[in-house]
Amino acid sequence: MDDNQEIRRWSSYLGDPAAAARLAVFFAQENSLLEEIQGKVAERHEAFWGVIFPLLYSISDSNRAFHLLATHQAMRGAYVMARMSFEAIVNTCFIMSEGNAAADRARRHAQQKSFRDMDREIHGVDLRLMCDGKDEAAPDSELQASLAMFTNKKGREITQWTPETVKERIDAIEKKYGPRASGGLNFGLFAIYRHGSEIAHGSLFGALFSLGLTYPGTPRSGDELSGYLTTNISSLLWFLGKSVNSLIFVFQKELGLDGVYEKSQALISEYQPGSNKCAS
C-alpha cells in the first residue's frame with residue numbers, strides 16, 4: 001500500500017474526535033516503548049551511545065510535549081513539536097545507520113557550537129553574552145579541529161550538522177535497515193515536516209494553513225474549523241507514531257533487543273483503520 005492509499009484509508013476517521021482520542025492513547029503507548037529503550041541506552045558506556053542518548057531523551061521529551069498539545073487541540077504547537085521530534089528521530093536513525101563517523105560529526109558540531117555560544121552578540125545592538133571559560137577552552141586541539149570542520153572558506157559558521165537533506169538521510173537509513181525503518185519516516189516527512197516548518201518559521205502560509213485557508217473548500221463555520229483541527233491533530237498522532245515505530249525498529253536492530261518492535265507493531269495493528277479500536 002503506497003502513501004496516498006494509506007492517507008485515503010484514514011480520511012473517514014481523522015475528523016472524528018473519538019478517533020483522535022484513541023490515537024492519543026496509541027501515541028502515548030508508542031512513546032512508552034521508546035522510553036523503555038531509553039533505559040537500555042543509558043546502560044551503554046561507549047562514546048557512540050553517548051551521542052545517541054541525549055537525542056533519544058530529546059525525542060521522548062518532545063513527544064510528551066507534543067501529546068499534551070495534541071490532546072488540548074493546540075494544532076499549531078502540536079505541529080511544531082511534532083516537527084522537532086520527527087527530525088530528531090531521523091537524525092538518530094541516520095547516526096545509527098552511518099556509525100561512528102556520523103556520531104563524531106554530530107559531537108563535533110555540538111562541541112564547536114557550544115564554544116561559539118560562549119561569545120554571542122547581535123551586530124548593531126548593544127547586546128552581547130560572554131563567558132569567562134571561553135579563553136580557557138580555546139587552546140584545546142580537538143575543539144580547534146571541530147571549529148575548522150564547521151567554518152567555511154569565508155570564516156563563517158557552517159550551521160548544519162550534516163550536509164544531507166532530511167530525505168537523503170531517510171534514504172541512507174533505508175539502504176541499511178530496509179523499508180521497516182524508512183516507511184514511517186517517509187510518512188512523517190510527508191505529513192509533518194513541511195507544514196510544521198512553515199508554522200515554526202512564522203510564515204503567512206503557516207498561518208493560513210492553521211485556519212484551513214490553503215485548500216479549496218475552506219472551513220466556513222466554527223464546527224468546520226474544529227473538524228479541520230481534529231483531522232490534522234489525528235494525522236500528527238498517527239504519523240509521528242509511525243515514525244517512532246521506525247526508530248524502535250532501528251534500536252532493536254542495533255541493541256539486539258527482543259520483542260519491543262513487535263509490541264510497537266501490535267499497537268499499529270490495534271489502532272489502524274478497520275480495527276476494533278478504530279471502528280466508527
Side-chain angles (χ1 to χ4, degrees), residues 3-4 6-11 13-31 34 55-94 160 165-167 169-170 182-219 222-247 268 271:
D3 294 8
N4 290 332
E6 175 141 345
I7 292 167
R8 286 196 296 271
R9 192 180 180 202
W10 272 95
S11 62
Y13 294 94
L14 297 180
D16 179 6
R22 290 189 290 268
L23 290 172
V25 174
F26 155 75
F27 183 81
Q29 291 176 329
E30 285 285 351
N31 197 49
L34 197 60
L55 288 166
L56 178 54
Y57 172 81
S58 75
I59 294 164
S60 62
D61 183 64
S62 296
N63 285 348
R64 289 192 297 273
F66 161 72
H67 186 266
L68 180 64
L69 290 162
T71 53
H72 284 78
Q73 288 284 296
M75 189 189 88
R76 285 177 59 82
Y79 260 104
V80 173
M81 292 307 302
R83 187 241 189 262
M84 288 171 54
S85 178
F86 170 73
E87 188 160 5
I89 288 170
V90 172
N91 285 338
T92 305
C93 290
F94 177 72
Q160 298 295 323
T165 66
V166 174
K167 184 62 173 72
R169 281 172 250 167
I170 294 173
S182 63
L185 302 181
N186 280 316
F187 286 140
L189 182 61
F190 179 82
I192 298 169
Y193 192 82
R194 172 183 171 86
H195 298 99
S197 297
E198 291 292 337
I199 292 170
H201 294 152
S203 71
L204 175 60
F205 174 84
L208 294 172
F209 175 79
S210 304
L211 296 169
L213 299 177
T214 59
Y215 298 117
T218 57
D223 287 343
E224 288 184 359
L225 179 59
S226 179
Y228 174 78
L229 297 177
T230 299
T231 297
N232 279 277
I233 287 169
S234 296
S235 298
L236 289 173
L237 287 162
W238 176 247
F239 288 113
L240 187 56
K242 294 268 285 186
S243 298
V244 171
N245 171 265
S246 290
L247 179 60
I268 287 177
Y271 286 92

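Positions are given from 1, in the same order as the sequence printed here. Source: prediction; values computed, not measured.
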| said: Using only atom types and a distance under 3.5 Å, with no angle test, would you say the side chain of S62 pairs donor to acceptor with the backbone of I59? | reply: no
| request: Determine whether more than 12 heavy atoms belonging to other residues, nucleotides or ligands lie under 6.0 Å from atom CZ of R194. | output: no
| Donor-acceptor contact below 3.5 Å, side chain S60 vs main chain Y57 | yes
| task | Please work out which of the three classes, parallel, tilted or perpendicular, describes the rings of H67 and F27, given edges at 30° and 60°. | result | parallel
| request: Just say parallel, tilted or perpendicular for the rings of H195 and Y215, cut-offs at 30° and 60°. | output: tilted
| Judged by modelled atom types alone, do R83 and Y193 share a side-chain donor-acceptor pair under 3.5 Å? | yes
| How far apart are the closest heavy atoms of R76 and G206, and which atoms are they? | NH1-O, 3.5 Å
| Test side-chain contact (heavy atoms from CB on, under 4.5 Å) applied to V80 and L69, step by step | CA-CA 10 Å; V80 173; L69 290 162; over 6 Å; no
| request: Evaluate the criterion ring-ring contact (aromatic ring centres under 6.0 Å, His included) for residue pair Y79 and F209; output intermediate values, then yes/no. | output: CA-CA 11 Å; Y79 260 104; F209 175 79; 5.5 Å; yes
| Gap separating the CD atom of E30 from the CG atom of L247, nearest 0.5 angstrom | 10.5 Å
| field | Point-to-point distance, once rounded to the nearest 0.5 Å, from NZ of K167 to CG of L185 | value | 10.0 Å
| Please walk me through it: do S243 and F86 pass side-chain contact (heavy atoms from CB on, under 4.5 Å)? | CA-CA 7 Å; S243 298; F86 170 73; 3.6 Å; yes
| query | Given I89 and S246, is the side-chain contact (heavy atoms from CB on, under 4.5 Å) satisfied, shown in steps? | reply | CA-CA 9 Å; I89 288 170; S246 290; 5.7 Å; no
| field | L208 CG to E198 CD distance, which is reported to the nearest 0.5 Å | value | 10.5 Å
| query | Between R64 and N31, is any side-chain donor less than 3.5 angstrom from a side-chain acceptor? | reply | no
| said: Please find the pair of heavy atoms, one from R22 and one from D16, that lie closest to each other, and give the distance. | reply: NH2-OD2, 4.1 Å
| So, does T230 use its side chain to make a donor-acceptor pair with the main chain of S226 at under 3.5 Å? | yes
| field | Derivation and outcome, side-chain contact (heavy atoms from CB on, under 4.5 Å), residues F26 and L237 | value | CA-CA 8 Å; F26 155 75; L237 287 162; 5.7 Å; no
| field | Atom of I233, atom of Q73 and distance for their closest heavy-atom approach | value | CD1-CA, 3.5 Å
| remark: For S210 and L225, the nearest pair of non-hydrogen atoms, with its separation, is O-CD1, 4.4 Å
| request: Determine the minimum heavy-atom distance between I192 and F239, stating which atoms define it. | output: CD1-C, 4.2 Å
| task | Kindly give the heavy-atom pair with the smallest separation between T92 and A88, and that separation in Å. | result | OG1-O, 2.7 Å
| remark: To the nearest 0.5 Å, atom OG of S58 lies from atom CG of N91 at 9.0 Å
| query | Judged by atom type as modelled, is there a donor-acceptor pair below 3.5 Å linking the side chain of N245 to the main-chain atoms of G241? | reply | no
| Atom pair CE/OG1 of M75 and T231 - distance to nearest 0.5 Å | 10.0 Å
| Separation between CG of L189 and OG of S182, rounded to the nearest 0.5 Å | 11.5 Å
